[in-house]
Structures are given as structure tokens and as C-alpha cells.
*Asks:* 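Pasting a structure below so you can have a look.
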Amino acid sequence: MAEGSRRPRGFLLCSALLYITILKSEVKAESGGCAFGGSEGLVSHQKLSVCSGTWQGHIKKANNICAIGWSVCSHEDANLLKSISWEDAMTIDGCFAFNAAQDGGGCRPCETNLEQDDLGAVGRACPHQNQGQTSCIGSGRIDASCCVDTYFRRSCSFRPGITGVLCCKKPEQQPEIETVLPPEMKILSGFNLTLTCHASGLPEPNLRWFRDGKIIHKKDTRLVLDKGALTLSRVEEQDTGAYSCVADNLSGFDRKDTFITVVKNVPEEEMGCHDNSIEGLHQVPGIVACHGAWKGHVKHGKVLCAQGWSVCNHNDQKYLGLISWQDANSMNGCYAYNAANNFGRCRKCSGKNHEDNMGGIGRHCSQRRPNKSSCLAGGRIDVFYGHKKSGIPSCSYQPGLVSGVLCCKIDKSKNDKPTCSPTCENDGKCMEGNRCKCKEGYKGARCQISTCKKPCKNGGRCDSGKCLCPANTKGRFCQHNIVPRHTNKEKTRDNKKLKKGKDQKSEKKIKKEKSH
């Protein structure tokens, strides 16, 4: 696999020029903002176009008259509309409306009420013109309809006499693909492969898939392309290759790549279930679905995982974030993982309030919502949603509702404790970067130096943040000298010695007197 992983990277770099050539040949900016091309007026205004056409309903539904990247001007485009002078507006043949109400000389959204139904326009054929009033445009006021349109239920709509609409160029934003694709993926031959791609940008980007630098078309009956999702059923070894999602619009393009390897057998190290089976997600690296039952909290479902694997939890975002909405719903049953989806967040499933909507995948889970957020790459799936009122434990196994668990590969790098050389002394803790975290009372690179708040006096020695004092001193910093005192035994002994000495002197004196 290492050899294959080098090949796609080089291949993708060489094919970058091909992508750019294809996109430049297909993405061309329209000359003018009308759907048919060009403009019927205001040609000196690069971000404004006058376009003929009709529509049904509210004027906001007339965007089909404008080109891609353009839309009917509205009150939100006031800066562009203010660039139109009275003279500019009156040089236009016909009457071209825009989505704004000019009642009372203002510039507000056009709505169905008597105070906001005077539909703004430009052109000398418009029925209502007043050079002395204010409006959305730079000077003067021109209306395509006026006064009591709401009463007749025709406000802000097309009517005879209106020639078309005024189109404004939308702000441009270069596409950005938001989906994370793994650099490499393995999939078993005969299974289905689903790749998803979502992108943001203005105008809305086009999404297309490439394989080995060539655009993927729908000619293959095994292939389904739907809103950025690529599904290939019953994959074969010949489907191995570099797959790229490309998002493009008038502002540029973005690309994400992955290399798919179709294999006949799953490598032993990728067998994440204890019985060497795989219920699903074989195409997503580092995560598998394992069928079976367990007792108690979902974390105890690790009995279904192989050695070196564990039940996925909220800390396994790098694996869970690879599961697309299509992947999550491609499986029968409902497979739980140790995380709660409350409020669209990804937190541990503790069973407490706001941490009790256990997440899962599978088309038979209790509730599936594609437009909500969760631990997954797209959508939200709850295992027990709607069953909690029945008193069902929210983070535990329940027969008939849960099919198994999701097992994630344990990242060994997280379990490896950092090592320090030389080792930390005095119970210091080794940290990343060969650093020691010292306990209170020690300092130094290896916690080898004892520290006290104040220096020890009278020969005291600092140890573990405290001063060890000599026998003749005391105090927190050995600052007090101890005055020697006799104990009762010592006094008694001294008194006896003194008395004995006196008695001996008396005896000597008596003997001396007798001898004389």
C-alpha cells in the first residue's frame, strides 16, 4: 500500500494542470447579467443589467431572467441602485422593475401591505415618475406600480406594462469544499462505495467528480451522481484509482482528493470486530460496525470490538467525522456509539440532562434528520429519540432497538506516556517535550533543587519545601535558638551528687578533728 500511496500523490500533482484547463474551458463569465446574455441598458454600470422577461408571482421569483451569479436587485442592493442617476434611468426604453418598495420616498422590501407595495423600477415607459422625490435610485423616483396594489392582490408582481427586471451582480466568493476526504481508503470488492462532497461559495459552485484526472459521467450503470454524492455499486478491482471532487464557479475552484483501493480481503489489522466480521463502514478507515449485544452502558459494548479497538466516543471525531449521511443510512439496523447528540453537539453520553440522546447510525434508528448537526460528517441520528418517555435508559443497550456498536481503532500514540531523559527527580511528572513538572518545594530542569519560601537559618536545611532544623534551633525557618534546660531526672541526679559531696566533706572534717 505504501507504493500505491506514493503513486496517487504524484499523479494528482501532475493532473492539476488538466483540472485548470477543463474548468477554464467550461466556466466562463457571462457578458452582462441577463440569462440570454448582454444587457438592454446601463451598459456603463458593470454590476447592473437591464433584462427583458416575464414571471409569475412575487418579483423575487424572477431570478431566472438574470444570469448565473446575478439576481433581481432589491433594497439590499441600495449601494448599486444609488449609482443610477435620473438621466441614466430615463435613457432606458421600457419599464424594468426591481424588488423594493419606495412608499414615502423610502427603499424597503416589497411586501403585501399598503405601506410597502409601490414597486420600484427604471425606464421612461414606467407609469409613475417624479424627479423631485427620493427613492432607491440616486435621484428621482420611478415606480412600476403604485398605491393600492395590495387591495387588488397584485402587489410586487408582474403586470402589463412591465418590460422586465433590473439585475444586480451577486457578491463573489471562491468555492471551498467543506467535506473532509481521507487521503486513502480501502473497500472490499463487491460492496458499494459512497463519497460525498459539499462546498460553499457565491455563486453556488458546480460539483463534479474526477477519477484519475478524467470527469466521471453517468454512463456506467453502477454509478449514481446526486448533489455532490458519488455512489458506485458492486465495486471491482478496476475501480481502484485517485478520486477528486472539484467545486467551481466564476470566482475559482477548490479540489479534494482521495485514493481508493479495492481489495479482495480486509487486512487483519483492519478487522475491528471481535469475531472478525464487518457489518458496515468497511470503506471508512479506522471505524467499523459490529453486531451483537452487551449489558449496561454503551461503553461496555467494547466486548464486541477486537483487541486494539474500542467503542467510538466523542473524542473520536477524526473517525466519526468521515461518516457521511449516505454512509450512515446505507446500513440496516441501528449501531450505537458512546456520544450524545443533544442540541446538535458531540458530547459524552452520561445519561444526565443534555447528555442523553445517544448517537448512532443505520436506517432503523429511532430518528434521522439530515439537516441537523452531530458527531457525524452530515446529519444527526438518535438511537432512542422518542423512547426516553417510556423510561428507557438513554445510554444503555436495549433489545430490539440496538443492533450493535461502532468500534474505533485505538490511537496508540495517545496511550504512550512521554519519557524524560534524564528522569525527573523528587516525584516530578514527565511532560511532552522532555520537560518535568515539579511538585511544590522543588525546582530545576529535573526537579532536583529543593525550594523554601525563605532561606533556612542557623544551619537549617531545605527539604520538600520545609526547613529541617538542627537540635538546638526551632521555628519555620530555624530562626529560634533553644536554651538548654534540665529535666527533673537531671535535677535529682545533680542534687544527689551535691548532697553526696557535702556528706563526704563532713566526714573528712570529723575524722580530721578526731585525729587531733
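FYI, the numbering just counts along the sequence from 1.
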*Asks:* Are we looking at SG atoms under 2.5 Å apart for Cys407 and Cys273?
*Replies:* no
*Asks:* Between Gln317 and Cys375 (side chain of the first, backbone of the second, donor and acceptor by atom type, cut-off under 3.5 Å), is there such a pair?
*Replies:* yes
*Asks:* Report the distance from atom CD1 of Ile482 to atom CG of Asn472, rounding to the nearest 0.5 Å.
*Replies:*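 CG of Asn472 is found 6.5 Å from CD1 of Ile482.
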*Asks:* Is the closest side-chain heavy-atom distance between Cys197 and Ile177 below 4.5 Å?
*Replies:* yes
*Asks:* Determine if the SG-SG distance between Cys456 and Cys469 falls under 2.5 Å.
*Replies:*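 The sulfur gammas are not closer than 2.5 Å, so no.
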*Asks:* For Phe343 versus Arg380, what's the shortest heavy-atom pair and its separation?
*Replies:*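 The answer is N-NH1, 3.9 Å.
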*Asks:* Is there a side-chain contact (heavy atoms from CB on, under 4.5 Å) between Cys312 and Tyr319? Walk through the geometry before answering.
*Replies:* CA-CA 8 Å; Cys312 301; Tyr319 296 128; 5.6 Å; no
*Asks:* Nearest 0.5 Å please: distance from the CG atom of Asn426 over to the CZ atom of Arg446.
*Replies:* 13.0 Å
*Asks:* Is there a side-chain contact between Leu80 and Lys169, using heavy atoms and a 4.5 Å cut-off?
*Replies:* no
*Asks:* In Å, rounded to the nearest 0.5 Å, how long is the span from CG of Leu304 to CG of Asp275?
*Replies:* 8.0 Å
*Asks:* Got Leu322 and Ile287 here, is their nearest side-chain heavy-atom distance under 4.5 Å?
*Replies:*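 No - every pair of side-chain heavy atoms lies 4.5 Å or more apart.
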*Asks:* Does CD in Gln46 sit with more than 12 non-hydrogen atoms of other residues, nucleotides or ligands closer than 6.0 Å?
*Replies:*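 For Gln46, atom CD is not crowded (no more than 12 foreign heavy atoms under 6.0 Å).
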*Asks:* For the residue pair Tyr397 and Trp294, categorise the inter-ring angle as parallel (less than 30°), tilted (30 to 60°) or perpendicular (more than 60°).
*Replies:* tilted
*Asks:* Not counting sequence neighbours, which residues clear side chain to side chain donor-acceptor pair (under 3.5 Å) with Arg222? List them please.
*Replies:* Asp220, Asp239
*Asks:* Report yes if some heavy atom in the side chain of Thr240 is under 4.5 Å from a heavy atom in the side chain of Phe259; otherwise report no.
*Replies:* yes
*Asks:* So for atom NZ, which belongs to Lys47, do other residues, nucleotides or ligands contribute more than 12 heavy atoms lying within a distance under 6.0 Å?
*Replies:* no
*Asks:* Under a 3.5 Å distance rule, please check whether Ser373 uses its side chain to pair with a backbone N or O of Gly344 as donor and acceptor.
*Replies:* yes
*Asks:* Taking Tyr243 as the fixed residue, which of Asp257, Asp212, Leu195 is the one that meets the side chain to side chain contact (heavy atoms under 4.5 Å, CB included) rule?
*Replies:* Leu195
*Asks:* In a check of side chain to side chain contact (heavy atoms under 4.5 Å, CB included) between Val311 and each of Asp316, Val298, Val303, which one passes?
*Replies:*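 When Asp316, Val298, Val303 are each tested with Val311, the side chain to side chain contact (heavy atoms under 4.5 Å, CB included) holds only for Val298.
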*Asks:* Return the set of residues passing side chain to side chain donor-acceptor pair (under 3.5 Å) with Asn341 (not counting sequence neighbours), or none when no residue passes.
*Replies:* Asp382
*Asks:* Out of curiosity, Lys318 NZ to Lys409 NZ, how far, rounded to the nearest 0.5 Å?
*Replies:*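 Nearest 0.5 Å value for the NZ-NZ distance: 10.0 Å.
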*Asks:* Could you tell me whether the side chain of Cys245 reaches within less than 4.5 Å of the side chain of Leu207, counting heavy atoms only?
*Replies:*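 They are in contact (side-chain heavy atoms under 4.5 Å apart), so the answer is yes.
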*Asks:* More than 12 heavy atoms of other residues, nucleotides or ligands under 6.0 Å from CD of Glu204: is that the case?
*Replies:* no
*Asks:* Determine whether more than 12 heavy atoms belonging to other residues, nucleotides or ligands lie under 6.0 Å from atom NZ of Lys474.
*Replies:*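 Atom NZ in Lys474 is not crowded, with 12 or fewer foreign heavy atoms closer than 6.0 Å.
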*Asks:* Is there a side-chain contact (heavy atoms from CB on, under 4.5 Å) between Met331 and Ile361? Walk through the geometry before answering.
*Replies:* CA-CA 8 Å; Met331 299 169 52; Ile361 66 168; 3.6 Å; yes
*Asks:* Answer yes or no: is there a side-chain heavy-atom contact under 4.5 Å between Ile381 and Asn329?
*Replies:* yes
*Asks:* I'd like to check the side chain to side chain donor-acceptor pair (under 3.5 Å) partners of Gln448; sequence neighbours left out, ordered by chain and number.
*Replies:*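 Counting only residues at least two positions away or on another chain, Gln448 forms no side chain to side chain donor-acceptor pair (under 3.5 Å).
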*Asks:* Could you go through residues 345-352 and list every donor-acceptor pair under 3.5 Å that involves a side-chain atom there, pairing it with any protein atom two or more places apart or in another chain?
*Replies:*
residue, atom, partner, partner atom, Å
Arg347, NH2, Glu355, OE2, 3.4
Ser350, OG, Lys352, N, 3.2
Ser350, OG, Glu355, OE1, 2.5

*Asks:* Any side-chain heavy atom of Leu468 within less than 4.5 Å of one from Arg461?
*Replies:*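 In short, these two side chains touch, coming nearer than 4.5 Å.
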*Asks:* Roughly how far, to the nearest 0.5 Å, is OG of Ser374 from CG of Asn342?
*Replies:* 11.5 Å
*Asks:* Tell me whether Cys430 and Cys436 have SG atoms closer together than 2.5 Å.
*Replies:* no
*Asks:* Heavy-atom distance under 4.5 Å between the side chains of Glu184 and Thr261, does that happen here?
*Replies:*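 No, too far: nothing below the 4.5 Å cut-off.
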*Asks:* What closest approach, in Å, do Tyr335 and Val405 show between heavy atoms, and which atom pair accounts for it?
*Replies:* CD2-N, 3.8 Å
*Asks:* Can you name the closest pair of heavy atoms from Cys334 and Leu401 and give their distance?
*Replies:* CB-O, 3.7 Å
*Asks:* Taking all atoms of both residues into account, what is the closest heavy-atom pair of Cys478 and Cys467, and its distance?
*Replies:*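 What the structure gives for the nearest pair is SG-CB, 3.8 Å.
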*Asks:* Show me the pairs that pass salt bridge (Lys or Arg N to Asp or Glu O under 4.0 Å) and involve residues 420-429, at least two apart or across chains.
*Replies:* Asp427-Lys439
*Asks:* Can you see which heavy atom on Val383 is nearest to which on Val402, and at what distance?
*Replies:* CG1-CG2, 3.8 Å
*Asks:* Would you say the side-chain atoms of Gln479 pair up with the backbone N or O of Phe477, donor to acceptor, closer than 3.5 Å?
*Replies:*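 Yes.
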*Asks:* Return the set of residues passing side chain to side chain donor-acceptor pair (under 3.5 Å) with Ser403 (not counting sequence neighbours), or none when no residue passes.
*Replies:* none
*Asks:* Can Arg363 and Asn332 be said to form a side-chain contact (heavy atoms from CB on, under 4.5 Å), step by step?
*Replies:* CA-CA 6 Å; Arg363 61 171 64 99; Asn332 291 320; 2.4 Å; yes
*Asks:* Indicate, with yes or no, whether the SG-to-SG separation of Cys438 and Cys424 is under 2.5 Å.
*Replies:* no
*Asks:* Between atom OH of Tyr442 and atom SG of Cys447, what is the distance when rounded to the nearest 0.5 Å?
*Replies:* 9.5 Å
*Asks:* Given the rule in the side-chain contact (heavy atoms from CB on, under 4.5 Å) test, do Glu178 and Ser200 qualify, once you have shown the distances and angles that lead to the verdict?
*Replies:* CA-CA 7 Å; Glu178 300 166 345; Ser200 60; 3.2 Å; yes
*Asks:* Please check this pair: side chain of Asn63 against backbone of Val72, looking for a donor-acceptor N/O pair closer than 3.5 Å.
*Replies:*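 Yes: the side chain of Asn63 pairs with the backbone of Val72.
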*Asks:* If every non-hydrogen atom of Ala328 is compared with every non-hydrogen atom of Leu376, which pair is closest and at what distance?
*Replies:*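 Closest approach of Ala328 to Leu376, heavy atoms only: CB-CD1, 4.1 Å.
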